Amino acid sequence: MLKNLQLSLQFGTLADAAPHRAALPRHSVARWIRHALAVDAEITVRIVDAEEGQALNRGYRKKDYATNVLTFDYTQEPVVTADLVLCAPVVAREALENGKSLKDHYAHLLVHGTLHAQGWDHETSAEDADAMEAYEAEILAGLGIADPYAA
């Protein structure tokens, strides 16, 4: 049974927002996140430009570049509360480079960020990375989306 989700979907200032808005209809974003939830959640998803993405990554992770998704997790129980920040230009570039649709890449990154918000971490060990990738692929398969890690 899918968990309950209170979702806020926000778009920052984007030079070309149209393809990102088209790839992220609210009902799809909610569906992707709900499939990755083990408990009810309150999640804000914010789509940002490279400048905001880089500033957040630099300020919170001390890494001076824009990354595809940042997860700010606040609570995991009894309700997951988190902010997921996705950098539109990075997501678009990666989708193009990997031959994936923008919509499918956003779905993958939203599932990935939602798992992070629940304590999953791929940077702790190779085993943890393998487990997280396998679970992401399983969730995405259930959504009709190809395994993003397949060669």
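None of these values were measured; they are calculated from a predicted model. Values below: every heavy atom of this structure, side chains too, minus hydrogens, waters and symmetry copies.
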Gln10, CD: over 12 other non-hydrogen atoms inside 6.0 angstrom = yes
Side-chain touch Val45/Leu110, heavy atoms, less than 4.5 angstrom = yes
Side chain Asp147, main chain Tyr149, donor-acceptor under 3.5 Å = yes
More than 12 heavy atoms of other residues, nucleotides or ligands under 6.0 Å from OH of Tyr74: is that the case?
-> yes
Which atom pair, heavy atoms only, marks the closest approach of Pro89 to Ala50?
-> CG-N, 3.7 Å
Any side-chain heavy-atom pair of Leu70 and Arg61 under 4.5 Å = yes
I would like to know whether Val29 and Leu7 meet side chain to side chain contact (heavy atoms under 4.5 Å, CB included); could you show each step before the answer?
-> CA-CA 9 Å; Val29 172; Leu7 173 66; 3.8 Å; yes
If we only count heavy atoms from C-beta on, is the Leu2 to Leu37 side-chain gap below 4.5 Å?
-> no
Tell me, please, whether Phe11 has Arg46 positioned over its six-membered ring: NZ or CZ under 6.0 Å from the ring centre and within 45 degrees of its axis?
-> no
ILVMFWY cluster, Val48 and Leu14 together (side-chain gap under 4.5 Å) = no
With sequence neighbours excluded, residues passing side-chain contact (heavy atoms from CB on, under 4.5 Å) with Asn4 | Asp40
For the side chain of Gln118 and the backbone of Ala36, is there at least one donor-acceptor N/O pair under 3.5 Å apart?
-> yes
Once you round to the nearest 0.5 Å, how far does OG of Ser8 lie from CD1 of Ile43?
-> 11.0 Å
With a 4.5 Å heavy-atom cut-off, do Val69 and Val85 have their side chains touching?
-> no
Going by heavy atoms in the side chains, are His112 and Met132 under 4.5 Å from each other?
-> yes
Should Leu5 and Leu84 be regarded as members of a common hydrophobic cluster, given that ILVMFWY residues are connected when their side-chain heavy atoms come within less than 4.5 Å of each other, either directly or indirectly?
-> yes
List the atom of Glu52, the atom of Asp49, and the distance in Å for their closest heavy-atom pair.
-> N-OD1, 2.8 Å
Within a radius of less than 6.0 Å around CD of Glu77, do more than 12 heavy atoms belonging to other residues, nucleotides or ligands occur?
-> no
Does the side chain of Leu115 reach to within under 4.5 Å of the side chain of Ile139, using non-hydrogen atoms?
-> yes
Output the distance between atom CG (Leu140) and atom CG (Leu143), rounded to the nearest 0.5 Å.
-> 6.0 Å
Does Thr75 use its side chain to pair, donor to acceptor, with the backbone of Val79 at less than 3.5 Å?
-> yes
Work out which heavy atom in Lys103 is nearest to a heavy atom in Pro25; give both atom names and the distance.
-> NZ-CG, 4.4 Å
Of Arg93, Glu97, Glu94, the residue whose pairing with His105 passes side-chain hydrogen bond (donor to acceptor under 3.5 Å, both in side chains) = Glu94
Tell me, do Asp128 and Asp121 make a side-chain contact under 4.5 Å, heavy atoms counted?
-> no
Value rounded to 0.5 Å, distance of CD1 in Ile145 from NE2 in His35 = 10.0 Å
Taking the side chain from Lys100 and the backbone from Pro148, do they hold a donor-acceptor pair closer than 3.5 Å?
-> yes
Ile33 reachable from Tyr135 in the ILVMFWY side-chain graph, under 4.5 Å edges = yes
Test item: Asn57 and Asp64 side chains (from C-beta on) under 4.5 Å apart, heavy atoms = no
Before giving the answer on side chain to side chain contact (heavy atoms under 4.5 Å, CB included), spell out for Lys63 and Thr67 the whole-Å C-alpha distance, their side-chain angles and the decisive distance to 0.1 Å.
-> CA-CA 9 Å; Lys63 296 183 179 185; Thr67 189; over 6 Å; no
How long is the gap from OG on Ser28 to CG on Leu9, to the nearest 0.5 Å?
-> 10.5 Å
Without hydrogens or angle criteria, can the side chains of His122 and Glu133 be said to hold a donor-acceptor pair below 3.5 Å?
-> no
Got a second to check how far Trp120's CH2 is from Thr114's OG1, nearest 0.5 Å?
-> 13.0 Å
Here the pair of heavy atoms bringing Ala95 nearest to Ser101 is CB-O, 4.1 Å
Could you state the interatomic distance from CG (Asn68) to OH (Tyr106), rounded to the nearest 0.5 Å?
-> 10.0 Å
